[in-house]
Amino acid sequence: MAKFLAKLLGCTLPSKGASPMCESKSHSRVGLKSSTKQKTTNLSTLASDCKKEQQWKPSMYSSITPICFTSPPIEKPIGKESMPQTPPFSAMFDSSGYNRNLYQSTEDSCGGLYYHDNNLLSGSLEALIQHLVPNVDYYPDRTYIFTFLLSSRLFMHPYELMAKVCHLCVEHQRLSDPSGDKNQIRKIAPKILQLLTEWTETFPYDFRDERMMRNLKDLAHRIASGEEQTYRKNVQQMIQCLIRKLAALSQYEEVLAKISSTSTDRLTLLKTKPQSIQRDIISVCSDPYTLAQQLTHIELERLNYIGPEEFVQAFVQKDPLDNDKSCYSERKKTRNLEAYVEWFNRLSYLVATEICMPVKKKHRARMIEYFIDVARECFNIGNFNSLMAIISGMNMSPVSRLKKTWAKVKTAKFDVLEHQMDPSSNFYNYRTALRGAAQRSLTAHSSREKIVIPFFSLLIKDIYFLNEGCANRLPNGHVNFEKFWELAKQVSEFMTWKQVECPFERDRKILQYLLTVPVFSEDALYLASYESEGPENHIEKDRWKSLRSSLLGRV
C-alpha cells in the first residue's frame with residue numbers, strides 16, 4: 001500500500017509525451033527530442049513531494065487486467081419503519097460539512113462533547129463512543145453514525161469499537177438481565193438492531209474480521225432471544241445480507257487476482273499470431289457512444305466494490321496517544337481502491353496500444369479520432385475517470401511522437417477535452433464540470449442523468465491532503481471532530497455516486513475485450529511507435545535498436 005500511495009501521490013499528471021505512471025522528460029505531439037527512461041517515485045519522497053505540491057499532479061499505478069463482475073445486490077434496509085428517518089447520502093451534509101440541525105444542546109460542553117453554535121466540534125473518544133450508542137430516548141442521527149464509524153478507525157480497530165458498543169448496549173441497557181424491564185427492552189432492542197444494520201450496510205467489509213462477526217452475532221442473539229418474532233427475523237435478514245455481500249466481495253477479489261496473474265503482453269501475442277488477423281477495438285465496437293457506455297459499466301461496477309473506509313485506511317498513520325504504534329497495523333488492505341486505480345492505468349495503456357498497433361498511418365489517425373469521440377461521450381455521460389484515462393493514453397510518449405499520424409487528425413475536439421481536464425489552477429475547469437454533473441445528478445429524473453464518475457486519482461488526493469492538513473486530535477487530546485465532518489462529507493459524495501445503477505445495456509463481447517485483451521508494455525509501445533514512424537535522432541535510434549534486440553531478438 002505504501003508503494004501504491006507513493007506512486008499515486010508523488011508523480012505528475014500525464015502531460016503530452018508522458019506515461020500515465022510517472023513524470024517524463026519527453027516530447028509532446030509536436031516535440032522533437034526522445035524521452036529518457038521514465039522514473040518512478042519511491043516511498044521516501046512521498047511526504048516531501050506532497051507537502052511541496054502547489055497543484056495536483058496525479059499518476060497511476062502499474063497496470064493489471066481486471067475482469068467485469070456483477071455488483072453485489074443492494075439490500076433494502078430492515079426495521080426502518082420503526083426508526084427515526086435519516087436522509088440519503090446526498091442530503092446528509094450541508095455546505096458546511098455536516099447537518100446543522102443534528103445537535104440541540106445550547107451548552108458549550110455536554111458529557112465530554114464540545115459544541116459551538118449547536119455543532120459538535122470535538123470530544124473525548126469515550127464520549128464519542130457513548131454518543132454512538134442509542135438508548136430508550138435517543139438514537140444517533142445517520143450523519144453522526146457514518147462520520148464516527150468512518151473516522152474512528154484512525155484511533156482504534158473496528159473490532160475494538162464493536163466490543164465497546166456491545167458492552168454499552170448489554171450492560172447499560174440490561175440486555176443480559178433476565179429480570180429486566182421487558183417494556184424497556186422492547187423499546188431499545190429495535191434501536192440497537194438499527195445501529196447494527198446501518199453499520200453492516202455501510203461498512204460491511206469491517207465484518208471480514210472474525211472478531212467483528214462474533215461480537216455482531218452475540219449482540220444480535222441477545223436482541224433476538226426475546227419474545228418478539230420480528231426481531232429474530234430482522235436479525236437473520238441482516239446477517240444473511242452481510243454474508244452475501246462479503247461472499248460477493250471475496251469472489252470479486254479472487255477473480256481480479258487470477259486475471260492479474262495470467263495477464264499477457266500484447267507483444268507476446270504478436271509473436272504467435274500475425275497482426276493482420278488480430279482484432280482491434282473498432283472491429284469489436286465501431287460506435288464511440290456504445291464504447292463510452294460500456295466503459296461506464298466497468299467504472300460503476302468497480303466503484304461499487306470500494307468501501308468508504310478504504311479512503312481512511314489508505315492514510316492511517318501513528319496515533320501519538322498510542323505509544324507510537326500504528327493504531328491499525330492489521331488493517332484491511334485497500335485492495336478494491338487499488339484495483340480501481342489500476343483499471344485507470346490499464347485503460348490508458350489500452351488506448352496507447354490500439355493507436356500504436358496499426359501499420360498504416362491512416363488507420364492510426366482513424367483510431368485517434370475514434371478515441372477522441374469516445375472521450376467526448378464519456379464527458380457528456382459524466383464519466384470523468386474514463387475521460388482522463390483516454391487523454392492520458394493519447395498523451396503517452398509513444399503516441400504523442402507520431403507526428404505524421406497526428407498531422408492527419410482533426411484535433412479541435414481533443415483540444416477542447418484537454419482544456420476541460422487542464423490541471424492548472426488545481427483542475428479548476430474539471431472541478432467546475434464535476435459540480436455541474438453533481439448538481440444534475442441531484443435533480444435527475446433518470447439513472448442516465450444521475451451518473452457522476454469522478455477523476456479518481458484527484459478524489460484520493462483531495463482526501464489525502466484534507467487528512468494531512470488537519471490534526472486528528474486537539475492539544476487537549478480530544479478528537480478533532482470538525483475535521484471528520486468534512487472528511488465524511490467528501491466520502492459521502494462518493495457513496496452517492498457509487499450507488500447509481502448503470503442504465504446502459506451490457507455488451508459482454510465489448511466488456512470482455514476491454515477487460516481481457518492484452519496490452520503493450522511501455523517498452524513494447526515504444527517499439528511499435530518506432531516501427532510505425534522511424535527514429536528522428538540518435539537517442540531514439542539507439543533505443544529502437546535496443547528494443548528490437550531485447551523484445552524481438554533482432555539486430
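- Residues passing the side chain to side chain contact (heavy atoms under 4.5 Å, CB included) test with K541 are P535, K545, sequence neighbours excluded.
- Applying the side-chain hydrogen bond (donor to acceptor under 3.5 Å, both in side chains) test to Q240 and every residue at least two apart in sequence or in another chain returns nothing.
- A donor-acceptor contact shorter than 3.5 Å is absent between the side chain of E468 and the backbone of I463.
- Pairs of residues two or more places apart, or lying in two chains, never qualify as side-chain hydrogen bond (donor to acceptor under 3.5 Å, both in side chains) while including a residue from residues 439-452.
- Take Y370 and apply the ring-ring contact (aromatic ring centres under 6.0 Å, His included) test, not counting sequence neighbours, and it matches no residue.
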* Stepwise, does the salt bridge (charged side-chain N to carboxylate O under 4.0 Å, His left out) test hold for E536 with R401? -> CA-CA 10 Å; E536 296 185 344; R401 66 170 298 277; 5.1 Å; no
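- Between D415 and E418 the shortest side-chain heavy-atom distance falls below 4.5 Å.
- Ionic pairing of E342 and R335 is present here: one or more N-O contacts between side-chain nitrogen and carboxylate oxygen are shorter than 4.0 angstrom.
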* Evaluation steps, side-chain hydrogen bond (donor to acceptor under 3.5 Å, both in side chains), between D523 and S521 -> CA-CA 6 Å; D523 283 343; S521 65; 5.6 Å; no
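- Between L303 and I453 there is a side-chain heavy-atom pair separated by less than 4.5 Å.
- Taking T296 as the reference, N383 meet the side-chain hydrogen bond (donor to acceptor under 3.5 Å, both in side chains) condition, with sequence neighbours excluded.
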* Check the pair I281 / M367 against side-chain contact (heavy atoms from CB on, under 4.5 Å), numbers first and verdict last. => CA-CA 9 Å; I281 187 65; M367 188 66 71; 3.5 Å; yes
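- Counting heavy atoms from C-beta on, the side chains of W544 and S529 never come closer than 4.5 Å.
- Pairing each heavy atom of F384 with each of F455, the nearest pair is CB-N, 4.0 Å.
- Rounding to the nearest 0.5 angstrom, the gap separating the CD atom in E254 from the CD atom in Q251 is 7.0 Å.
- The backbone N or O of V519 sits nowhere less than 3.5 Å from a side-chain atom of T353 that would complete a donor-acceptor pair.
- Q490 and D462 are not linked by any side-chain donor-acceptor pair at a separation below 3.5 angstrom, with hydrogens and angles left out of the test.
- Side-chain contact between Y205 and N336: present, with at least one pair of heavy atoms (C-beta onward) separated by less than 4.5 Å.
- Summarising the geometry, atom CG belonging to L242 is positioned 9.0 Å from atom CE belonging to M212; distances are rounded to the nearest 0.5 Å.
- Using a cutoff of 4.0 Å between basic side-chain nitrogens and carboxylate oxygens, K408 and E533 are not scored as salt-bridged.
- A donor-acceptor contact shorter than 3.5 Å is absent between the side chain of R153 and the backbone of P158.
- Among residues two or more places apart in sequence or in another chain, the side-chain hydrogen bond (donor to acceptor under 3.5 Å, both in side chains) test is passed with N380 by none.
- Residue F146 comes nearest to A488 through the heavy atom pair CE2-O, 3.6 Å, listed as atom of the first residue, atom of the second, then distance.
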* Asked: Does the pair R366 and D280 meet the rule for a salt bridge (charged side-chain N to carboxylate O under 4.0 Å, His left out), with working shown?
  -> CA-CA 12 Å; R366 178 191 176 202; D280 62 17; 5.9 Å; no
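- Taking the side-chain hydrogen bond (donor to acceptor under 3.5 Å, both in side chains) definition, one finds that K413 meets it with D373, sequence neighbours left out.
- Listed by chain and number, the residues in a side chain to side chain contact (heavy atoms under 4.5 Å, CB included) with A247 amount to none (sequence neighbours excluded).
- Taking the ring-ring contact (aromatic ring centres under 6.0 Å, His included) definition, one finds that F371 meets it with nothing, sequence neighbours left out.
- Contact detail for D206 and W199: the closest heavy-atom pair is OD2-NE1, 3.1 Å.
- R364 places a side-chain N or O within 3.5 Å of a backbone atom of V359 that can act as its donor or acceptor partner.
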* Take E253 and R208, measure what salt bridge (charged side-chain N to carboxylate O under 4.0 Å, His left out) needs, and give me the verdict at the end. => CA-CA 13 Å; E253 291 178 343; R208 300 180 91 176; 2.9 Å; yes
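- L291 CG to L514 CG: the interatomic distance, rounded to the nearest 0.5 Å, is 5.5 Å.
- What you find for F427 and M421 is that their closest heavy atoms are CE2-O, 3.5 Å.
- Nearest heavy-atom pair across M396 and A352 is SD-CB, 3.8 Å.
- Between Y340 and F456, the distance separating the two ring centers is shorter than 6.0 angstrom.
- Here CZ of F344 is found 6.0 Å from CG of N385. Values are rounded to the nearest 0.5 Å.
- Atom CG of residue L350 and atom CG of residue N345 lie 11.5 Å apart, to the nearest 0.5 angstrom.
- You'll find the side chain of R302 reaches within 4.5 Å of the side chain of L256, heavy atoms only.
- The side-chain heavy atoms of R346 and V517, taken from C-beta on, include a pair separated by under 4.5 Å.
- When all heavy atoms of T405 and A365 are compared, the pair lying nearest together is CG2-N, 3.6 Å.
- Here V284 pairs with R279, K509, I510, Y513 under the side chain to side chain contact (heavy atoms under 4.5 Å, CB included) rule; sequence neighbours left out.
- The backbone N or O of H419 sits less than 3.5 Å from a side-chain atom of N429, completing a donor-acceptor pair.
- In this structure the side chain of L511 never reaches within 4.5 angstrom of the side chain of D507, judged on heavy atoms.
- Atom-to-atom distance recorded for M238:CE and I243:CD1 is 10.0 Å, nearest 0.5 angstrom.
- Remark: F494 engages F311 in a ring-ring contact (aromatic ring centres under 6.0 Å, His included) (not counting sequence neighbours).
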* Asked: Between E201 and K245, is a salt bridge (charged side-chain N to carboxylate O under 4.0 Å, His left out) present by the stated rule, with each step listed?
  -> CA-CA 9 Å; E201 287 176 348; K245 288 181 178 180; 5.9 Å; no
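- Checking side-chain atoms of H297 against main-chain N and O of F504 turns up a donor-acceptor pair under 3.5 Å.
- Residues satisfying the side chain to side chain contact (heavy atoms under 4.5 Å, CB included) test with D542, not counting sequence neighbours, are none.
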